[in-house]
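In what follows, a structure is listed as structure tokens, so that the remarks can point back to it.
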Amino acid sequence: MELVTLKDVLGPAEAGGYAVGAFNANNMEIVQAILEAAAEERSPVILQASQGAIAYAGLDYIVALVRTAARQARVPVVLHLDHGTDFAQVMRCIRSGFSSVMFDGSSLSLEENIRLTRQVVEIGRAVGVSVEGELGKIGGTEEHISVSEKEALFTDPQEARHFVRETGVDALAVAIGTAHGPYKGRPELDFARLKQIRELTAAPLVMHGASGVPDEDVRRGIELGIRKINIDTELRQAFVAALQGYVAANPENIDPRKILAPAKAAMKEVVRGKMRLFGSAGKA
Ligand code: G3H
Ligand code: 13P
Ligand code: ZN
């Protein structure tokens, strides 16, 4: 199938009360693992590339890889830019064939975030590309800040209403206590805040930093309006553990294909499990 937009996959997710996984990819094996999992689970899928992924693999390679895989998958596939912080880079992604972009203006003032996000939405609308915005700051698990400092960065529900109305984003990333990277303890999610945001905004909501969030919290988030769920760290962990296991057991092997096969299989299992958890399995 040709690539589709966030609107195409999150509309049915909203109607059906489930979420669609957005998995980060950096190379061919990761793209294949994600799209083979989607095909086997009959699930819509969002494949996302960060600015780091684009610097690593090259913009044209990413687009070509995902388009090729999507054509074979026979399920709806979105190619989405993850955390685009640079307006020019966002434009290059749109021009190169991404069907969706995130403009992450979370480090800017509210006015500047609205101004630039709205511009991206206007351009995206003109060319059929969907846009995710971010309000509040979703940090990393490595950042050493106190609980009250963290909460100060959470998404304000009233601001969320204003932001969505002013920008017209197709999806909104919210800061409710998740963080990027491996958690040290159990993450404490602010479900009351999520509920308020949901009541005040019409846009589908996005959970970033979902690796390591307990299944029951993920389910609760979906009940409260989370429709896109971002997973990267759990794929990295599965890749590296399988690769290290294979190399340790087969120290004489010098065939990269043999080393990467178990890594790809392990990532595929993670993706399949998430698709079942999110409720998107069987929906394509
Ligand atoms: O949100 C961050 C994603 O995990 C991407 O990470 O910037 O290292 O590619 P990256
Ligand atoms: P994790 O790496 O914590 O799964 O977060 C992924 C993410 O939010 C990408 O934008
Ligand atoms: Zn993120």
Side-chain angles (χ1 to χ4, degrees), residues 6 10 19-27 29-31 33-34 37 45-59 61-62 65-66 78-86 89-90 93 98 100-107 113 117 130-143 150 153-155 169 171-189 194 204-215 217-218 221-222 226-241 266-267 269-271 273-275 277-278:
L6 282 187
L10 300 188
V20 181
F23 303 94
N24 285 73
N26 298 279
N27 67 14
E29 284 75 13
I30 307 178
V31 170
I34 296 166
V45 68
I46 301 158
L47 196 143
Q48 54 189 14
S50 67
Q51 293 176 153
I54 292 168
Y56 172 76
L59 188 53
Y61 275 91
I62 299 259
L65 276 171
V66 176
V78 180
L79 172 55
H80 181 74
L81 170 66
D82 187 30
H83 292 286
T85 52
D86 173 12
Q89 164 93 305
V90 173
C93 287
F98 278 58
S100 185
V101 291
M102 173 180 190
F103 179 71
D104 177 355
S106 61
S107 65
N113 189 1
T117 305
S130 53
V131 180
E132 173 183 345
E134 176 170 328
L135 188 63
K137 281 201 182 86
I138 304 152
T141 49
E142 297 307 310
E143 287 161 28
K150 255 186 216 157
L153 305 175
F154 283 4
T155 307
V169 285
L172 177 69
V174 289
I176 52 159
T178 60
H180 297 110
Y183 293 98
K184 286 184 193 76
R186 185 186 170 126
E188 293 230 358
L189 305 197
L194 178 59
L205 304 176
V206 185
M207 180 187 281
H208 282 244
S211 292
V213 173
D215 289 1
D217 288 358
V218 168
I222 296 171
I226 295 289
R227 295 288 167 252
K228 172 176 181 277
I229 303 185
N230 289 9
I231 300 282
D232 187 4
T233 297
E234 282 191 53
L235 294 183
R236 295 179 182 199
Q237 289 166 331
F239 182 103
V240 172
M267 288 186 291
E269 277 318 299
V270 171
V271 176
K274 296 295 178 190
M275 287 169 165
L277 171 65
F278 300 163

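Order of appearance sets the numbers: ligands from 1, and atoms from 1 within every ligand.
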Inter-residue atom distance Glu134.CD - Thr117.OG1, 0.5 Å rounding: 10.0 Å
Minimum-distance N/O/S atom that His208 presents toward the Zn ion (ligand 3): ND1
Tell me if a side-chain donor or acceptor on Arg227 pairs with a main-chain N or O of Ile222 at a distance below 3.5 Å. yes
Shortest reach to atom 5 (O) of ligand 2 by a heavy atom, considering only Pro187, Gly209, Ala179: Gly209
Number the atoms of ligand 2 from 1 as they appear, then name those within less than 4.0 Å of a heavy atom of His208, with their elements. 8 (O), 10 (O)
In ligand 2, the atoms that come under 4.0 Å of a heavy atom of His83 are 10 (O)
May I ask you to list the atoms of ligand 1 that are less than 4.0 angstrom from any heavy atom of Asp82? 1 (O), 3 (C)
Quick one: does Gln48's side chain have a donor or acceptor within less than 3.5 Å of a partner on Leu79's backbone? no
Assess the residue pair Glu132 and His208 against the criterion (side chain to side chain donor-acceptor pair (under 3.5 Å)); give the C-alpha distance rounded to whole Å, side-chain angles, the decisive distance to 0.1 Å, and a yes or no. CA-CA 12 Å; Glu132 173 183 345; His208 282 244; 2.8 Å; yes
Return the option from His208, Arg236, His180 holding the heavy atom at the smallest distance from atom 1 (O) of ligand 1. His180
Measuring from atom NE2 of His83 to atom OG of Ser106, what distance do you get when rounded to the nearest 0.5 angstrom? 7.5 Å
Atom of His83 closest to the Zn ion (ligand 3), considering N, O or S atoms: NE2
Nearest neighbour in protein (non-hydrogen) for atom 5 (C) of ligand 1: Asp232 OD2, 3.4 Å
Which of the numbered atoms in ligand 2 are under 4.0 angstrom from any heavy atom belonging to Asn24? 9 (C)
Considering only non-hydrogen protein atoms, determine which one is nearest to atom 9 (C) of ligand 2 and report residue, atom name and distance to 0.1 Å. Asp82 OD2, 3.1 Å
Yes or no on side-chain contact (heavy atoms from CB on, under 4.5 Å) for Ile34 and Leu235, after CA distance, side-chain angles and deciding distance? CA-CA 10 Å; Ile34 296 166; Leu235 294 183; 4.3 Å; yes
Please confirm whether the backbone N or O of Ala22 pairs with a side-chain atom of His80, one donor and one acceptor, at under 3.5 Å? no
Which protein non-hydrogen atom lies closest to atom 4 (O) of ligand 2, naming both residue and atom, and how far is it? Ser211 OG, 2.6 Å
What atoms of ligand 1 come within less than 4.0 Å of a heavy atom belonging to Asn24? 3 (C), 5 (C)
Among all the protein's non-hydrogen atoms, which is closest to atom 1 (P) of ligand 2, and how far away is it? Thr233 OG1, 3.5 Å
Please list the nearest protein heavy atom to atom 9 (O) of ligand 1 with its residue and the distance rounded to 0.1 Å. Ser50 OG, 2.6 Å
Do side-chain atoms of Thr155 reach the backbone of Val174 as a donor and acceptor pair under 3.5 angstrom? no
Donor-acceptor contact present, side-chain Tyr61 to main-chain Tyr56, <3.5 Å: no
Based purely on interatomic distance, does Asp232 place a nitrogen or oxygen under 3.5 Å from a nitrogen or oxygen of ligand 2? yes
Glu269 atom CD: more than 12 heavy-atom contacts under 6.0 Å: yes
re atom 3 (O) of ligand 2, the protein heavy-atom contact at minimum distance is Gly181 N, 3.1 Å
Quick note on ligand 1: atoms under 4.0 Å from a heavy atom of His83 include exactly 1 (O)
Give the atoms of ligand 2, by number and element, whose distance to some non-hydrogen atom of Ile231 is under 4.0 Å. 4 (O)
Under 3.5 Å side-chain donor-acceptor pair for Asn24 and Asn230: no
